[in-house]
Each structure stands twice: as C-alpha cells, then as structure tokens.
Amino acid sequence: MDPKEIEKKWQARWEKNKLNGFDKKSQAPKYYVLEMFSYPSGAKLHVGHWYNYGPADSFARFKRMQGYNVFQPMGFDAFGLPAENYAIKTGVHPKDSTEKNIETMEGQLRAMGAMFDWSAEIKTCEEDYYKWTQWMFLQFYKKGLAYRKEAPVNWCPSCQTVLANEQVIDNRCERCSSEIVRKNLTQWFFKITDYAEELLNGLDGLDWPEKTKNMQRNWIGKSTGCEIDFDCEQGGKIRVYTTRCDTLFGVTYLVLAPEHPLARTLTTPEQAEAVEAYINYAAKANEIERLSSTREKTGVFTGSYAVHPLTGKRIPIWLADYVLASYGTGAVMAVPAHDERDFAFAAKYGLPVEKVIEKQGGETELPFCEDGIVRGSLEFDGLVGEEARDAIAARISKLGRGGKKVNYRLRDWLVSRQRYWGAPIPVIHCEKCGAVPVPEKDLPVRLPYDVEFRPDGKSPLAKHEKFMHTVCPNCGAPALRDPDTLDTFVCSSWYYLRYTDAHNEKEPFSREEADRLLPVDTYVGGAEHACMHLLYARFFTKALRDMGYLDFDEPFRRLVHQGVILGPDGNRMSKSHGNIVSPDDYVNEYGADAFRLYLMFGFSYTDGGPWNDDGIKAIARFMDRVEKIVLKGASYRGDKTPYGPEEKALAYARSFAVSRVTKDLEAFSFNTAIARIMELVNAIYKYDGLAEKNVPLLKETLRDLILLIAPCAPHFAEELWEQTGGKGSVFEQSYPKEDPAALQLDEKEYAVQINSKIVCKAMIPSSCSDQEAESLVKELPEVSARLEGKTVKKCVVVKGRLINLIVG
RNA sequence: GCCGCCGUGGUGGAAUUGGCAGACACGUCGGACUUAGGAUCCGAUGGGCGACCAUGCAGGUUCAAGUCCUGUCGGCGGUACCA
C-alpha cells in the first residue's frame, strides 16, 4: 500500500463528501474538540504540531465514531511579535509573510489528514476577525472592565516600547539586549482582578490537570489578612496590609514602597536629599531585580513617625523597595521578630526587634514566623494563631481603623502594546473629550499597510499621519487615534467563540450557536499557557456572560496538555541546539498514518520526551501485518463454525481490546491503546494459524480491527475498509462495542496465596462465589499439603485475580 | 526559599488505583527460510545455579505497597521579598 497515494485519495474523498465538517442539521449530541490554534511561523509543521494535532485528531475521530456530532475547527493566531521582528530583519511586510506562512501551513495541516472543519477557519489578523476583537474591547470598556492608568511597566529605551514581562530576559530586552528600565506610563488594562474570586473558585469544577489548576491558584494568589490604619504624627494616616495582625504589638517600624503617594510628603527636610536619591535609585531597578530575594535589602528613613493604633507608641516610617507598590496598600508594618525580611532589614539598619509570639512547647528562635502564643500584647496575651488574628482584627474594625481584607496577587492585565502587528485599539483621543471609544458602526479601525515598522524611536502607528488624524466622534473636533495595538492574547481569548459562527458579519458570534456548541468539551494544548491564555480566556467568558452574550461560565470543560518532544539530545528542539527533527522525512518514507501512530505509541502523550526513531520501523511492520491479515481474512470462504476454546480466546481478545482501547482513547492514553490493538493483532495471527477456522468469527474480528485502528490511522483504515468491501466511509461506522458475554470466561486463572506468598495458580470458574472458591482452593494438593495442621484465619478473594489464605 | 510533579530492565514505556511488577514495543541473543539479509517468521531475554532478590535510599501501615504514610537523596516544572 502506497501511503502517499491513499492519503491523497482519501483526503480528496473526505473533502468531497464533507466528512470533516460539523453537521449543523444532525440530531446527534455535539462534541467540541479544540486544539490550540497555531502561530503561523516559519514554513513547515514541526514535530510539535504533529504531536499536538495528530493524537488529538484521533481522539476527535474516535468521538465521531462513538456517534457524536464532532466539531473540530482550526485557525491561525496570526498577529504577533515574531512576524514583526522578521519584518524588521528582512524588510518583508508582516502581512505578506504571515499570509504566505498560513498558506503553507494550511496545506500541511490538510496533508496530515486531520478531521478539521475548514469551513470555520479563522485568522486573527484579518479584518473580519479583528473587527470583533476591537468590538470586544469596546464592550469591556462600556462595562468598566477596560481602563487606562499610569503604571510601572518594562520599558526598552532603545526600541522605545513597552515590553511584556515575558519579553524581558535577565533584565534585558529580548530583541536588542539593552537594559530595561521601569517607567510609569499610561497604558490600557483589563480589569481581570474583578473576577479573581470567581476565577479561583471556578477551577474546582473543571476537569483540568491538577498541576495547571494549582498554577492558576498560585497565580491568583488569594490571601486573607487585615488592613490597619496608623496615624502619622504630622497628620494623615498610613494604611498597611498584613496577614499577621497577631504580631501587631511587635511592630517597630513601618515601610512604604518608594512609589507610595505619601513617600515625599512624609519626608522631613533633613531627610529630603537621601529620600529623593533613594526613590530615583529604586525607579531604576526593574521589578524582576527588585523581587529577587537574594538581593540585599535597601531603604531610607523618612524622618517622620507614626503612632501605634493600640499602644500609642512612636513608630519610625521608612521607605524600602522590598515593599511593592502594586500589592496590598503599598505599605507594611514591619515586625522583625516574626518576619524574615523585616528581620534582615532591621539588622542592617539597627532597628529594634520585639518578640511578641512564642513557640508552643519549644525555644523561640528569631525570626520566628510560624503561629504561636501571643505575648506582651495586653488582653490578647495567650491567644494562638487564627484566634489571635480574629480578636485583633475585630478590635481594629471596632475602632474604625481597618479590618479583615482579602488580597490577590493577580494584577490587572496590561493589554496595550506599542507595536504594529496587532489589532489597533479602537479609541480616539480628543483634547476636549478625552479618550473616546470608536463607535461600533465605524469598526474595524483598519490597520494600515504602509507603515514604517522599523524601530526608530516612535511607536509605528504613531508615525502614520493618515491613520492618526481623525475627528472626535463626540464633538467633531480634530483628534488623534490611539497608536497602540492590543496584546495578541486578547485575540486568542475569544477565538473558540468565533469558530462557532466564523462568517457572521453582524455579530462576533450568534448566541444560539455559541450556546449550542460550547463549552469546548476537550481542549488540547501546551502547558505553557497555564497562567496566560487559559486564564485570560476564562476571564473573557465570564465577562461576556455577565454582559449577556453567553450562557455558560467556563470555556473549556476538559483540558489536556500534550507533552513536549525534545531533540534526540534531550534539549528543547531549536536551531541553536541544532537538534531539530523534521517530520517530513518520516512522513515521506512511512506516511502520515505511520508517523502519527508512532508518535502515539512511542511516547506517553502527556509527558513527551527525547526524540528517537527506534520504534518507527515497528509501526511500519505492524501496519504491514494488519494489512496482510485483513486482506488474507477477506479471501477466506466458508461458514464452517467451530466454536471451542480457541474461538473463545479470540472472542475474548477482541472484546478485551475493544474495552481497553475505548477507555484508553477516552483518557488520551494513546500508547496503551495502540499496544492493546497490537495484542489483538497477535491474537488474530495466533488464531489464523489454526487449520480449522471459524471464518465468520475471524472476519468479524478483522472488521473490528479496522474500526479500532481507524481513528489512529485514518487513511489506512479507509483503504482496508474499502478493499474488504465495506460500505461508505469507515468513519460512518460506529466504534466497536465490547461484548460482556465474551469477557466472561468460564474459568479464570487465580493466583493462590498462603499468607500472601504465591503457592500455585489455579483455574477457577469465574461465576463461583468467594466461599466456593475458597473450598476449591483448599482441595488443591499444593495448598492442602501446606495447610496440614494449620487453620485458615481469613480468606481474601480478589475477584478474577487471587485468593489469599491467611493462616495463623 | 516556597508550591506542584516525577524516580520502574540495556531503551521507550505498562501496571484495571492497594492484589501475579516489567504489558506492548525497541534492542540483544538463538533458530528457521534464504546465494544473501539491515526482509520475513519462530523462540529466549530484570538479576541470581538455586531457595529467593528486585520499582532512587531508609523506615512505617497492611494478609498484601511501584501504588498509602514519615524521613531522605536526585531530577523536572511553576513561582520568587505578595507582608
């Protein structure tokens, strides 16, 4: 069988018979299988694409054969930095290179033979898509979920652009390697923090890898603590946030972040110079560096004092950059005795340490940061941990000086980028009216083609006069467009919705279609998106639900991460390692089906691992064996139907394989699924060696073999199906079902144990009761010899497996 | 540092979730058929001559532990002064 020929033949036929599409008229239950869409980079599909899409497609085909109306769309995440960088390097316009790449990749994806519904294809860089991305922005804006604020961001002075945290490597710009500075800039944010609590709670009900859910939990970082107001001697007050208000009596100083609004006003004239110098110093250090715990703590005294809310004690106020402006209130109460950071800082600057917590039953060694017994704290003495916190927080709250407060580590999502290749932010800046959203009827705000995107100190769109100059939709006065574009994660936060209604010109999607097809039943993609795309998409879904566009809470009911195929040397495949394995050579030599089968069989899907091709010949041999036995079986004639132990064994092997393969495919355990099919093939070969065959049984088993293999080797199975006289497409057949009767063997082999040591094995009727099994076993010579003069205290029977006699 | 995951033959990897450890393959060895074999088919293959010993190491629970608990070493991923 020539793989190239049959691939072409069946792909054409599937296309013609619309076998790959979602059937909108079908009554069958829907099943939405989604793989994370591709970034149209380079020109070729790499092993990673195959590893993601091949097995996932087998899963989709399997669901189809199970009777579901499967929707499996594909598209391209086409905006983004790589295309722009490529343009800067080569001068090829991002639009041109992206379109070319998409065309190539589309062809290659089709050649894989996956069951993609191309009628729903989307490309995020096309007007009819990004128009709706902009529309999303406007809805978020209307709802108060998109806002502009000044915030510290990573700024590359050479590229003159804001960079995302991921684009900062070792405090340097990934593009030009110049040092990053922190800068306060006015940027657009999405208020994802409004949904922090729901994003956290919603995780519990999701069928996602625990690992990923945990990463999101940590990322959201909920913490319950207490806010406390400290009066300043010179007037005003400072609000601090703490999770350890039980240590309130151990406060020896307060610390404000250098960016804290009160930092300068609290500074006394004598300290002004030192404070100013320190604020400047802190502004230069970037956030990554600041957060490094190995870095020595620095700070400066403001010269002024606050008053302890419960004791009235004078407390010096310091600035230090180990306190973050963006978390809590940007100010903390320092308790050196019970916090490592405060302890180190106090030691360096000679600040006092006051112990107010004692370890229960042991020496208290400072800093002691665990829960313990409260001491030296007036009437709170003797309380422990949570009860102490509750009591002190209640007091604070009664005094009107704060109280319990929940904080999240999650920050709002910075969505504006000073880049060209993205969706323009649909906002117009008017001198009189301020930031005015572009009216929906004027969408899309088109991304102009003739733009100078080479970096020369200005944001690319800002230099495009025709793009920038417009009139204010509000007052009609001349106004400027927002020169920024949206983070590409905005585009990918709603693409699974657009798929359901990809050509709708009036709305981003119709509610009817979305509610019908969503949520995605199984979503497959890399684990690297755990705290980015997967979190943003959940946020979008919840926000759109609250705006009344959707009727469900979570976009992805079940999530599966494929592992990563590494280079043969165990490193990530990359040009710099020189360890890239091209799928093309293998596909050319063995065919798409064989390559896909090998990826499924040779690796544990969720683990991946270093590439090696030791087993690929085994797959070719396996397919060869299947073809031979299937075609040979088809040539048999006769209705002689012996039915003895061999036939029973074959029927058992068939049913066992069906039962296990079904479970394994459902669980994305592809390697064991293929192993089970190989076992069945071995059983069929064994049976075929018999002189007297039950031909109808053999043929039925071979038919099931083709069906079992079909999701994993689609072209191959179609061809066998046709050659053996099957009607229609193999994917119109239903997946084989196990026969419970065949799985009921008359007798099963039990391991017979005495005190958990195996004594012998015995065939025991599978229908017999525990007691019957026990007495049967006692009759066995191996057993009775050893039981001589001993009594059986207990008998443990594990059905179908073993009988364990426990002897005193 | 903290959180999470993982350590099983020469190799990739199984183990119905506490029940015959090493399925299914690769590789190796032996055999058959061949002028030939890097094709195909058949057999053997964790270690030990053996009783037995084996799932990183040391303990524990249990009739029974790769699986559960405690400690420890090693690897991977996430996060990093979040008060």
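In what follows, every chain begins at residue 1, and chains take the letters A, B, ... in the order their sequences are listed.
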Item to check | A:R389 and its side-chain hydrogen bond (donor to acceptor under 3.5 Å, both in side chains) partner, picked from A:D371, A:T224, A:T242 | outcome: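 The single option meeting the side-chain hydrogen bond (donor to acceptor under 3.5 Å, both in side chains) with A:R389 is A:D371.
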Roughly how many Å is it from [atom1] in [X] to [atom2] in [N], rounded to a whole number?
| X | N | atom1 | atom2 | answer |
| --- | --- | --- | --- | --- |
| A:E370 | B:rG1 | CD | P | 16 Å |
| A:K213 | B:rC5 | NZ | P | 13 Å |
| A:D688 | B:rC41 | CG | P | 13 Å |
| A:K297 | B:rA80 | NZ | P | 16 Å |
| A:L566 | B:rG12 | CG | C1' | 13 Å |
| A:H529 | B:rG78 | NE2 | P | 13 Å |
| A:L535 | B:rU79 | CG | P | 13 Å |
| A:H561 | B:rG4 | NE2 | C1' | 13 Å |

Checklist entry - Within a strict 4.5 Å, meaning less than it, do heavy atoms of the A:P765 and A:L776 side chains meet? => result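 Yes, their side chains come closer than 4.5 Å.
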Heavy atoms only, 4.0 Å cut-off, all strands: where does [X] land among base, sugar-phosphate and nothing?
| X | value |
| --- | --- |
| A:G330 | nothing |
| A:E749 | base |
| A:F601 | base |
| A:R660 | nothing |
| A:E340 | nothing |
| A:I758 | sugar-phosphate |
| A:G221 | nothing |

On a whole-Å scale, what distance lies between the [atom1] atoms belonging to [N] and [M]?
| N | M | atom1 | value |
| --- | --- | --- | --- |
| B:rA51 | B:rC68 | C1' | 31 Å |
| B:rG50 | B:rA14 | P | 31 Å |
| B:rA15 | B:rG75 | P | 27 Å |
| B:rA25 | B:rU40 | P | 14 Å |
| B:rU79 | B:rG60 | C1' | 33 Å |
| B:rC20 | B:rG4 | P | 30 Å |
| B:rA23 | B:rG18 | P | 22 Å |
| B:rU55 | B:rG31 | P | 35 Å |

With respect to the phosphate group of [N], does any side-chain polar atom (N or O) of [X] fall under 4.0 Å of OP1 or OP2?
| X | N | answer |
| --- | --- | --- |
| A:T672 | B:rA23 | no |
| A:R409 | B:rA80 | yes |
| A:Y322 | B:rA83 | no |
| A:R625 | B:rC41 | yes |
| A:R621 | B:rU40 | yes |
| A:N612 | B:rG27 | no |
| A:N218 | B:rG4 | no |
| A:S604 | B:rG12 | no |

Next on the checklist: Given the ring of A:F189, does A:K149 sit roughly above its face, with NZ or CZ under 6.0 Å from the centre of the six-membered ring and within 45° of the axis?
Outcome noted: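 Positive - A:K149 is close enough to the ring of A:F189 and near enough to its axis.
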Checklist entry - Do A:R596's NZ or CZ and the ring of A:W50 fall within the cation-pi criteria of under 6.0 Å and 45°? => result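 Not flagged: A:R596 not positioned over aromatic ring of A:W50.
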Just name whichever nucleotide pairs with [N], Watson-Crick or G-U, keeping both distances under 3.5 Å, else none.
| N | answer |
| --- | --- |
| B:rA25 | B:rU11 |
| B:rC68 | B:rG60 |
| B:rG77 | B:rC3 |
| B:rC20 | none |
| B:rA36 | none |

Go through [options] for me and flag the one nearest to the [X] side chain.
| X | options | answer |
| --- | --- | --- |
| A:Y327 | B:rC20, B:rA23, B:rA83 | B:rA83 |
| A:S223 | B:rC63, B:rA83, B:rG4 | B:rA83 |
| A:T243 | B:rA83, B:rA14, B:rG19 | B:rA83 |
| A:N214 | B:rC26, B:rA64, B:rG4 | B:rG4 |
| A:K211 | B:rA83, B:rU79, B:rG4 | B:rG4 |
| A:M215 | B:rG78, B:rC24, B:rC63 | B:rG78 |
| A:A618 | B:rC20, B:rA25, B:rC63 | B:rA25 |
| A:N682 | B:rG19, B:rA25, B:rA14 | B:rA25 |
| A:V332 | B:rA83, B:rC63, B:rG4 | B:rA83 |
| A:E679 | B:rA64, B:rA23, B:rA83 | B:rA23 |

Checklist entry - Would you call A:K632-A:D688 a salt bridge at under 4.0 Å N-O? => result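 Yes, charged N to carboxylate O under 4.0 Å.
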Checklist entry - Taking 4.0 angstrom as the limit, do A:E782 and A:R786 come out as a salt bridge? => result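 Here A:E782 does not pair with A:R786 in a salt bridge, since their nearest N and O are not under 4.0 Å apart.
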Next on the checklist: Give me syn or anti for B:rG12, where syn covers glycosidic angles within 90 degrees of 0.
Outcome noted: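 It is anti.
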Next on the checklist: Please classify B:rU17 as syn or anti, treating any glycosidic angle within 90° of 0 as syn.
Outcome noted: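 Syn conformation here, the glycosidic angle of B:rU17 being no more than 90° from 0.
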Next on the checklist: Once you measure the plane-to-plane angle for A:Y349 and A:F345, does it fall in the parallel (<30°), tilted (30-60°) or perpendicular (>60°) bin?
Outcome noted: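 If you compare the ring of A:Y349 with that of A:F345, the planes turn out tilted.
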Checklist entry - Mind checking whether A:H308 and A:F230 have parallel, tilted or perpendicular rings, split at 30° and 60°? => result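 Because their plane-to-plane angle is over 60°, the rings of A:H308 and A:F230 count as perpendicular.
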Next on the checklist: Closest-nucleotide mapping onto RNA chain B: is A:N407 or A:L802 further toward the 5' terminus? I mean the 5' end.
Outcome noted: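 Closer to the 5' end of RNA chain B: A:L802.
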Item to check | Base B:rC63 to side chain A:N804, donor-acceptor N/O within 3.5 Å cut-off | outcome: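 Per atom types, the contact qualifies.
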Item to check | hbond_proxy A:K761 side chain to B:rC20 base (donor-acceptor, 3.5 Å cutoff) | outcome: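 Side chain to base: pair found, below 3.5 Å.
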Next on the checklist: Determine whether A:Y605 and A:F603 satisfy the following criterion, ring-ring contact (aromatic ring centres under 6.0 Å, His included), listing intermediate values before the conclusion.
Outcome noted: CA-CA 6 Å; A:Y605 189 63; A:F603 303 85; over 10 Å; no
Item to check | Heavy-atom closest pair, residues A:D342 and A:V335 | outcome: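 Residues A:D342 and A:V335, closest heavy atoms: OD2-N, 2.9 Å.
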